[in-house]
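Take a look at the structure below.
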Amino acid sequence: MEARAKVLGHAIHQMLIPYPLALLTTAIIFDAIHLFTGTALWAVIAFWMIAAGIIGGLAAALFGAIDWRAIPSGTRAKRIGLIHGVGNVVMVLLFATSWLLRRGDPGSPGTFAQLLSLAGAGLSLYTGWLGGELVDRLGVGVDDGASLDAPSSLSGRSARGRATSAR
């Protein structure tokens, strides 16, 4: 099932998701460095990485929702997509709550704020796996006719090699 939200022939959702995942994961790493070194700068960097990750996560969610709406009802993909999407919204909310708790003193996050980030990171492992299930096993976001010798998405031809109509 091809993605509905595309740019230059590729699914926007799949292009955006690496950013929030990388930013939020790196925030966890910087929180850990802060814990071991006591240097406030690492916690401040984590604070801003969380902010950027939340924005990126919300942008990815918008395009994921567009694609999810196109999945036929009553399918396993529709159910998995719903769990994936809701789980990612909860994950972003966990990080957002962590970010809000840090606002008063970003250089000294409390234990609860850090635990919320860790919970968000743990949840992202599960929702990321679900996203892989959607693409790799269920073919969501994959061009119809995709193959190892499909033409470039910039060629104006479908993955099957035929000319595409302007959308």
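Computed over heavy atoms, backbone and side chain alike; hydrogens, waters and symmetry mates excluded.
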What's the shortest heavy-atom distance between [X] and [Y], and which atoms?
X    : Y    : result
H10  : M15  : O-CE, 3.3 Å
V142 : A146 : CG1-CB, 3.8 Å
I54  : A96  : CD1-CA, 3.4 Å
M49  : A27  : CB-CB, 4.1 Å
I17  : A60  : CG2-CB, 3.9 Å
A77  : L134 : O-CD2, 3.5 Å

May I ask whether [X] and [Y] are part of the same hydrophobic cluster, defined by side-chain heavy atoms of I, L, V, M, F, W, Y residues being less than 4.5 angstrom apart, directly or through others?
X   : Y    : value
V89 : L58  : no
I29 : V44  : no
V86 : Y126 : yes
I55 : L16  : no

Is any NZ, NE, NH1 or NH2 atom of the basic residue among R102 and D31 found under 4.0 Å from an Asp or Glu carboxylate oxygen of the other?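 Yes, this pair counts.
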Are any of the side-chain heavy atoms of [X] and [Y] separated by less than 4.5 Å?
X    : Y    : answer
D67  : V140 : no
F95  : L116 : no
Q114 : L35  : yes
L23  : I50  : no
W68  : K78  : yes
T75  : R79  : no
L21  : S124 : yes

Backbone N or O of [Y] within a donor-acceptor pair of the [X] side chain at under 3.5 Å?
X    : Y    : result
H84  : T127 : yes
T97  : L93  : yes
S155 : P151 : no
T39  : L41  : no

Take Q14 and F63, measure what side-chain contact (heavy atoms from CB on, under 4.5 Å) needs, and give me the verdict at the end. CA-CA 9 Å; Q14 293 170 2; F63 293 103; over 6 Å; no
Gap separating the [atom1] atom of [X] from the [atom2] atom of [Y], nearest 0.5 angstrom:
X    : Y    : atom1 : atom2 : answer
F47  : D105 : CZ    : CG    : 10.0 Å
L125 : L130 : CG    : CG    : 11.0 Å
I66  : L62  : CD1   : CG    : 4.5 Å
I71  : I80  : CD1   : CD1   : 10.0 Å
I33  : I45  : CD1   : CD1   : 8.5 Å

Pair E133, R76 - check side-chain contact (heavy atoms from CB on, under 4.5 Å), show working. CA-CA 10 Å; E133 187 78 357; R76 180 169 178 259; 2.8 Å; yes
Tell me which one of W42, F36, W48 satisfies ring pair (Phe, Tyr, Trp, His ring centres under 6.0 Å) with F30.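 Among W42, F36, W48, the one that satisfies the ring pair (Phe, Tyr, Trp, His ring centres under 6.0 Å) with F30 is W42.
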Please evaluate residues L24 and M91 with respect to the criterion side-chain contact (heavy atoms from CB on, under 4.5 Å), reporting the C-alpha separation (whole Å), side-chain torsions for both, the decisive distance (0.1 Å), and the verdict. CA-CA 10 Å; L24 296 171; M91 180 265 298; 3.8 Å; yes
